[in-house]
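Below: one structure, written as structure tokens.
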Amino acid sequence: MFEICEKIGINPQKLYNGCIFMAVAHAVTVGEYSELNYEHSWDGINYCMNNSRGCHGTITFGKRYIVAVFQDISVKVAYQDAMNYFKGAPEAIVELAKTEALQYVLENIDGEIKPYITAAFWGTWDGLYSTLGYDEFMKNSAYILAIQLMEIDEALRACDDYYGLTDEQMDLILSLSKQRSQMDFSIPIVLKKTGALYGDMDEIRASMSELNIKLEE
């Protein structure tokens, strides 16, 4: 099924849980750091990340398939057709990439709007594959997933280092991310008022809404 690629050592469910975790951590803290509101977002089945240093990516979590694409302007590789990163992928994955993930990495290439990526991986909920080896695609921009691939305790410490979390915020991030990753995304979570959320509440509501988490008035 996947001839021109290799299986990579990323557990799909752990990846999904890690992306939920980071999106929740962002939503909890964005009121205090509204200037970072572009770093993490959730748009339907697409999780988007941006590190503000020229690297961004999108992971599409479909019911059967997963597609992840990354673009890093600091990577010194010649431009190539984005479809080259999907050699060996089933047609259903290619179509998902074209209609979802690749729509977030469009650039003007010689006067034509095209997806521009420097790394990608894809597969099913049973396993993920890439035309690049694990070390190479991590170097070519997938490193932006570093925290998302950590164990939960390590990820929480990394978020604490980045955001300066209170104990109440840590507890809320752990609780909300566990609920959201274990529940159907279509089922809303209603969050009662809490002192863990402060600052620009409009930013918080917007980010929480992307995760189908509603703040109790």
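The first residue in the sequence is number 1, and the count goes up from there.
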Shared hydrophobic cluster, [X] / [Y] (ILVMFWY, side-chain heavy atoms < 4.5 Å):
| X | Y | value |
| --- | --- | --- |
| Leu96 | Leu106 | no |
| Tyr162 | Ile20 | yes |
| Tyr79 | Val69 | no |

Any side-chain heavy-atom pair of [X] and [Y] under 4.5 Å:
| X | Y | value |
| --- | --- | --- |
| Ile189 | Met183 | yes |
| Gln169 | Tyr198 | yes |
| Leu176 | Leu211 | no |
| Glu216 | Leu191 | no |

Checking [X] side chain against [Y] main chain: does a donor-acceptor pair fall under 3.5 Å?
| X | Y | result |
| --- | --- | --- |
| Ser181 | Lys178 | yes |
| Tyr116 | Gln71 | no |
| Ser209 | Asn212 | no |
| Asp160 | Leu165 | yes |
| Arg64 | Ile93 | no |
| Ser130 | Ala120 | yes |
| Trp125 | Gly62 | yes |
| Thr118 | Asp72 | yes |
| Thr60 | Ala101 | yes |

Given Asn37, Leu197, Asp200, the one that forms side-chain contact (heavy atoms from CB on, under 4.5 Å) with Val30: Asn37
Parallel under 30°, tilted from 30 to 60°, perpendicular over 60°: which one fits the rings of [X] and [Y]?
| X | Y | result |
| --- | --- | --- |
| Phe86 | Trp122 | parallel |
| Phe121 | Phe70 | tilted |
| Tyr16 | Phe61 | perpendicular |

Atom pair [atom1]/[atom2] of [X] and [Y] - distance to nearest 0.5 Å:
| X | Y | atom1 | atom2 | value |
| --- | --- | --- | --- | --- |
| Ile173 | Tyr163 | CD1 | OH | 8.0 Å |
| Ile152 | Ser177 | CD1 | OG | 5.0 Å |
| Glu39 | Ile144 | CD | CD1 | 8.5 Å |
| Lys14 | Leu149 | NZ | CG | 7.0 Å |

Looking only at side-chain N and O atoms, does [Y] offer a donor or acceptor that is under 3.5 Å from a partner on [X]?
| X | Y | value |
| --- | --- | --- |
| His40 | Tyr47 | yes |
| Asn17 | Gln13 | yes |
| Ser175 | Gln179 | yes |

Matching residue for Tyr104 among Asn46, Thr58, Asn50 - test: side-chain hydrogen bond (donor to acceptor under 3.5 Å, both in side chains): Asn46
Please give me the minimum heavy-atom distance between [X] and [Y], naming the atom from each residue.
| X | Y | result |
| --- | --- | --- |
| Glu32 | Glu35 | O-OE1, 4.4 Å |
| Cys55 | Ser141 | SG-O, 3.4 Å |
| Tyr65 | Ala92 | CE1-CB, 3.5 Å |
| Lys98 | Gln103 | O-NE2, 2.8 Å |

Salt-bridge present (Asp202, Arg205; N to O < 4.0 Å): yes
